[in-house]
Amino acid sequence: MRMVLLGAPGSGKGTQGEKLVAHFGIPKISTGDALRAAVAAGTELGRKAKSAMDAGQLVANEIVIGIVEERLGQPDAQKGFILDGFPRNTAQARVLDEMLVRLGQPPIDKAVHLAVDDEEIIQRLLDRAQKEGRADDKEDVIRHRIKVYNDETHPLLDYYAAQHKVVKVDGVGSLDDIFQRILKALK
Ligand code: AMP
């Protein structure tokens, strides 16, 4: 199973992605996690990414594409993977399709859309800001990240719809209910 998780920040991609990892026994690849690790480690890549991340902007395509290509080439990703937070725009989606050909991997099977409305998203992110204190979880940055999602990432639904790969799941409810909806939708 080669899967892309699509949804606004705070829609539950990370949490549901972890459940999918346990269920399918394939790795989750999160560009956000990889970038935060690079920032924490103070690598050059982390330094390049930090200001865009703190402002709620997208990091340059070549940075995230490099991260994903390196990760998809590793042995544990050959039988399948769950992409969380990548692709984030149509340019990245096109590169991903080409990358899979180059790596000798089959194409993406499904793009799972976790649908949650904007007001619910803002509330969830504000709650997360209090609990985790992520630098990009301040209200003005949150609003900007949602705008970036709507402007740049949401159009990916059309990209994957054209390939008949979109599976839409209601992302509001208990974690287990949402997970069962995803499994049902993937059947
Ligand atoms: P996330 O944890 O997925 O919400 O990502 C946190 C931040 O990392 C985003 O707001 C972006 O600044 C950056 N980021 C993560 N994935 C990507 C991507 N595919 N393209 C560009 N920037 C990304």
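Residue numbers count from 1 along this sequence. Computed over heavy atoms, backbone and side chain alike; hydrogens, waters and symmetry mates excluded. Counting starts at 1 for both ligands and their atoms, following the listed order.
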Would you mind running through ligand 1 and noting each atom that sits below 4.0 Å from a heavy atom of [X]?
{"X": "Thr31", "value": "15 (C), 16 (N), 17 (C), 19 (N)"}
{"X": "Arg145", "value": "4 (O), 10 (O)"}
{"X": "Phe86", "value": "19 (N)"}

Q. Do Glu98 and Arg94 sit within salt-bridge range, that is, some charged N less than 4.0 Å from a carboxylate O?
A.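 A salt bridge is absent here (no side-chain N lies under 4.0 Å from a carboxylate O).
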Q | Contact check: Val59 vs ligand 1, nitrogen or oxygen atoms, below 3.5 angstrom | A |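 Yes, at least one N or O pair falls under 3.5 Å.
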Q) Is Gly85 in polar range of ligand 1, meaning some N or O pair under 3.5 Å apart? A)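 Looking only at distances, the answer is yes, because the N/O contact criterion of under 3.5 Å is met.
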For [atom], what is the nearest protein heavy atom, given as residue, atom name and distance?
{"atom": "atom 13 (C) of ligand 1", "value": "Leu35 CD1, 3.6 Å"}
{"atom": "atom 3 (O) of ligand 1", "value": "Arg88 NH1, 3.0 Å"}
{"atom": "atom 6 (C) of ligand 1", "value": "Arg36 NH1, 3.5 Å"}
{"atom": "atom 11 (C) of ligand 1", "value": "Gln57 O, 3.5 Å"}
{"atom": "atom 20 (N) of ligand 1", "value": "Gln92 NE2, 3.0 Å"}

Q.
Less than 6.0 angstrom from the centroid, inside 45 degrees of the normal: does Lys19 satisfy that with respect to the ring of Phe179?
A.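 So Lys19 does make the cation-pi contact.
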For a quick test of reading the model, state the closest non-hydrogen atom pair linking [X] to [Y] and the distance between them.
{"X": "Leu45", "Y": "Ala38", "answer": "CD2-CB, 3.9 Å"}
{"X": "Pro27", "Y": "Ala77", "answer": "CG-CA, 4.1 Å"}
{"X": "Pro155", "Y": "Tyr149", "answer": "CD-O, 4.5 Å"}

Q. For ligand 1, is any non-hydrogen atom under 4.0 Å from Leu58's backbone (N, CA, C, O), its side chain (CB onward), both, or neither?
A.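 The answer is both.
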Q | Sub-4.5 Å side-chain heavy-atom contact between Met3 and Leu186 | A |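 Touching, per the 4.5 Å side-chain cut-off.
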Q: Assess the side chains of Gln74 and Glu70: does a donor N or O sit below 3.5 Å from an acceptor N or O?
A: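 Their side chains do contain a donor-acceptor pair, which is all the 3.5 Å distance test asks for.
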Q.
Can a side-chain donor-acceptor contact be found between Asp97 and Gln163 if the only test is distance below 3.5 angstrom?
A.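 Yes - a donor-acceptor pair under 3.5 Å links their side chains.
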Q. Does Lys13 have a heavy atom less than 4.0 Å from any atom of ligand 1?
A.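 So Lys13 does not count as touching ligand 1.
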